[in-house]
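These notes are about the structure you will find just below.
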Amino acid sequence: MAAVRDFSEELADEASLSPDEATDLAKRHLVQPWPFAGFIGTEARSFIGSGDGIYITDGQGRRLIDGPAGMWCVNVGHRREELASVMYEQAMALSYNTPWYTMSEPSAVLAQRIAGHAPGDLDHVFFTTGGSSAVETALRFMQFYNNVRGRPEKKLILSRGGAYHGSTYLSASLNGRPRDHDWMDGVDGLVVKLSSPNPFRRPDGMSVAAFADFLVAEFTATVEQLGADRIGAFVGEPVQASGGVIVPPDGYLKRIRQICRDNDILYISDEVVTAFGRLGEVFASGDVFGIEPDMITFAKGVTSGYFPLGGVVISARILEQLRRSNHANAMFGHGYTYTSHPIGCAVALKNLDLLEGGVLDHTRKVAPYFQAQLKTLEELQLVGEVRGAGLMACIECVADRESLDPLQLDKDVGKRIDQHCHELGLLVRPLINMCVMSPPLIITEAQIDDMVGILREGISRTMDDLRREGVWRG
Ligand SMILES: Cc1ncc(COP(=O)(O)O)c(C=O)c1O
């Protein structure tokens, strides 16, 4: 037998770790996502021990509002007994089956239920393991589709600044936020980036309507310049989430959709964040923005984060075109061991019951209050804009409201706000000079008041710190 390395001196009793001991172990053995080189493999991130409803509890036993709902995913809230028991029951009935040549009931029923909510003719689902693998699947599917249709040169992908589509090689190549490509490679020559549809950062003196015209003209010019016969897909989040909750100008998505249709470019709507209730509907593409994409990618909220699952909803027309091609033997050589995982599909079905059974209605009801209360934070001088849709919002800080300087003095002002809010009982998602809020959809008006009160205090304390340090004159 191979020798096992003995780390036993690191812990007295592994069965009952204190938060500090767990943190210490993580510092020795855990590589956490999105680390900086100088701290990689040694980080002490906030320990979270438990969750209940909209709350989580940290290593000091402090109860915090889960402001980002995990990573935009714990939509129906923590500790839902219904979801826990369905996972247990499914594991006892069938824990796994190979999707290569078998199929389970939960996967078929879930595909049908999801198709029932999708817009247009999107009536088939390919399940994946999360959001990146969903986007990767949609893109590889576009490549396969064009190969089979005898158009191997039609593969370019249009993406936008401010986008986040994942952490696999091809999906990450589409990302367009600051820092995304500073130290990370991407595929060469396949992806073309367009402007972010961010009205807050539109050119000086331009109206929002003129900005929408500008974005559409840029899209049209790009298609003309590259040639429609070389462009396979456009990939866009209906609301750019990790880019800072960027809600596009009215009508923009519909106009882009039409250009794609006119040029036989597949429109892939990345709803990894916006689907399953974040905007009050199962899918936002059709029900909120009035568009019928060719494919929709989803993940996160499909299981409220209880199990890793994602997928792509695909148009019937596209599948029909493949079936009618002259290449019946061409194989879409793509799939994951955990594609159509029965436990993931079973928990997603129960999660969908909860969403349909009241959580979506509640979200639609509470969302205007959520947006209005957060908007009051614009009274604070550090806050340049509060924007959002449904139960997702972003507080963007600026050094100077006139020039809208995105806080050159301290790009990590979001982290400062997060630290203060953490002490006050709220977990925030800091993003450079922004704080993103996307709480569990079950949040009540009273809990929204708590959240906004803490944010107000956390931002005020941050302003005091910046003034005291002499780095901000606001
Ligand atoms: C819009 C969007 N697409 C894709 C992804 C990637 O999903 P995952 O982290 O599950 O791979 C994310 C993750 O935040 C996302 O926000």
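These numbers come from the heavy atoms of this one structure, side chains and all, not from hydrogens, waters or symmetry mates. Order of appearance sets the numbers: ligands from 1, and atoms from 1 within every ligand.
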Begin with the C-alpha distance, continue with both residues' side-chain angles, and end with the deciding distance and a verdict on side-chain hydrogen bond (donor to acceptor under 3.5 Å, both in side chains) for Gln258 and Asp262. CA-CA 6 Å; Gln258 190 55 44; Asp262 294 345; 2.8 Å; yes
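Which parts of ligand 1 touch Gly166 is read off a 4.0 Å heavy-atom cut-off, strictly below it: atoms 6 (C). Atom numbering of ligand 1 starts at 1 in the shown order; those under 4.0 Å from a heavy atom of Gly131 are 6 (C), 7 (O), 8 (P), 10 (O), 11 (O). Taking a cut-off of under 4.0 Å to the non-hydrogen atoms of Glu237, the atoms of ligand 1 that pass are 1 (C).
At the top of the distance list for atom 3 (N) of ligand 1, counting protein heavy atoms only, stands Asp270 OD2, 2.7 Å. Residue, atom and distance of the protein heavy atom nearest to atom 14 (O) of ligand 1 are Lys300 NZ, 3.0 Å. Among protein heavy atoms, the minimum distance from atom 9 (O) of ligand 1 is reached at Ser132 OG, 4.2 Å. In this structure, atom 16 (O) of ligand 1 lies nearest to the protein heavy atom Val273 CG2, 3.3 Å. Looking at atom 2 (C) of ligand 1, its nearest protein heavy atom turns out to be Tyr164 O, 3.3 Å.
Not one N or O on the side chain of Asp66 forms a donor-acceptor pair closer than 3.5 Å with the backbone of Ile56.
The shortest heavy-atom distance from His165 to ligand 1 is under 4.0 Å.
Aromatic pair His341/Tyr336: ring centres not closer than 6.0 Å. Centroid-to-centroid, the aromatic rings of Tyr252 and Phe211 stay 6.0 Å apart or farther.
The aromatic rings of Phe144 and Phe332 sit tilted, their planes meeting at an angle between 30° and 60°.
Counting only N and O atoms by type, the side chains of Asn97 and Thr102 include a donor and acceptor under 3.5 Å apart.
Pairs engaging residues 343-353 under the side chain to side chain donor-acceptor pair (under 3.5 Å) rule: Arg113-Asp353, Ser304-Asn351 [sequence neighbours left out].
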